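Each ligand, and each atom within it, is numbered from 1 in the order the structure gives. Every value quoted in this text rests on a predicted model; they were computed, and no experiment measured them. Index from 1, following the sequence.
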Amino acid sequence: MKDVISDANFPRTKDGRVYHLGIRAGEVANRIITVGSLSRAETIASMLDSSPESFSLYSERGFQTITGCYRGVPVSIVCIGMGAPNVDFFIREVRECVRGDMLVIRLGSCGCLTDLPVGTLVLPKASVSVTRNFDFDFANGDFWEPPYRLSKSISADPELHNALQVSLNATRPATLKKPIFVDAVNASTDSFYSSQGRQTSFQDYNSNLIDHIKTAVPKVTTLEMETFFIFHLAASWRGRVHGSSASFPPLTTRPVVPTSPSPRSAEANSTSTEAPGQASILHEPPEKPMIRAAAV
Ligand code: R1P
């Protein structure tokens with residue numbers, strides 16, 4: 001982005017545009033639906049009033065902001081892509097472009113850790129985060145550090161959560177027979193792979209992670225990558241940012257987590273390309289309990 005004013009704390013262009021979303025005051029509404037994919041943003045935007053004409057901006061950094069009115073009420077749809085860093089750009093930069101309260105609802109997809117039917121709409125009342133512990137020695141194994149950390153839980157904004165539930169119940173087409181589930185806690189992860197328990201070619205020490213999350217977090221139901229970070233920032237900003245979330249489990253009711261043999265076990269057993277000692281390096285020590293059980 002050109003012509004950035006050199007304010008290291010909060011860079012903007014000379015005409016007042018925030019650095020990553022590319023918008024400025026007047027181009028984003030206080031009521032925001034955030035999504036991860038452009039097609040989802042466009043589908044929702046197609047429901048906006050035809051007049052006044054919507055504003056739309058796709059930033060150099062890949063954030064799409066569409067602002068218009070729904071039944072006369074100003075609303076924005078912001079496509080942020082995935083993960084905590086993008087949530088951080090989104091919440092902080094929009095916060096600098098609006099006055100008064102800022103209401104954020106995430107509409108996204110998720111994995112489901114229970115036997116809820118695929119297509120159930122889940123509105124989590126709280127979320128924890130699951131993050132990779134960078135102090136754990138992933139190359140050699142580590143008896144002293146846990147490979148993942150679970151945070152304490154943080155609640156959705158209760159008023160927005162209730163309003164969303166009431167509104168969805170009132171407006172859901174009768175043909176949609178799947179329930180809306182609200183007695184749920186979400187877990188947001190910092191990786192789609194390691195901290196969601198997927199077994200890949202990397203040594204992630206995560207074969208018992210899903211079971212650990214289910215044991216440590218009462219009512220944990222969904223697994224995705226943004227909700228916790230929205231709830232956390234909303235709660236941090238002196239009560240003027242309100243966050244809620246609704247997710248659909250799109251494909252499976254439970255992530256597939258093979259227990260054995262894992263790809264790296266197979267790798268360890270294949271001696272042809274191993275350096276001396278590599279098999280023992282690949283030996284996985286018993287995983288210690290993750291550091292903190294989440295209190296929900
Ligand atoms: C990973 O594939 C993405 O899908 C889920 C996760 O939170 C992550 O963003 O949500 P969305 O479909 O809403 O992006």
The protein heavy atom nearest to atom 8 (C) of ligand 1 is Glu226 OE2, 3.6 Å

Which residue, Asp15, Thr13, Leu57, forms the side chain to side chain contact (heavy atoms under 4.5 Å, CB included) with Arg24? Asp15

Among non-hydrogen protein atoms, atom 12 (O) of ligand 1 lies closest to Ser109 OG, 2.5 Å

When you measure from the side chain of Arg95 to the backbone of Arg240, do you find a donor-acceptor pair of N or O atoms at a distance under 3.5 Å? yes

May I ask you to check whether Met225 has an N/O atom sitting below 3.5 Å from an N/O atom of ligand 1? yes

Between Arg198 and Asp204, does at least one N-O distance fall below 4.0 Å, as a salt bridge requires? no

Closest to atom 14 (O) of ligand 1 among protein heavy atoms sits Gly36 CA, 3.7 Å

Among non-hydrogen protein atoms, atom 3 (C) of ligand 1 lies closest to Met82 SD, 3.6 Å

Flag, side chain of Gln199 to backbone of Gly197, donor-acceptor distance under 3.5 Å: yes

Could you list which atoms of ligand 1 come closer than 4.0 Å to a heavy atom of Gly108? 13 (O)

Geometric cation-pi criterion Arg92 and Phe10, 6.0 Å radius, 45° cone: no

Does the separation of the ring centres of Phe136 and Tyr205 fall below 6.0 angstrom? yes

Is there a polar contact between ligand 1 and Glu224, counting only N or O atoms under 3.5 Å apart? no

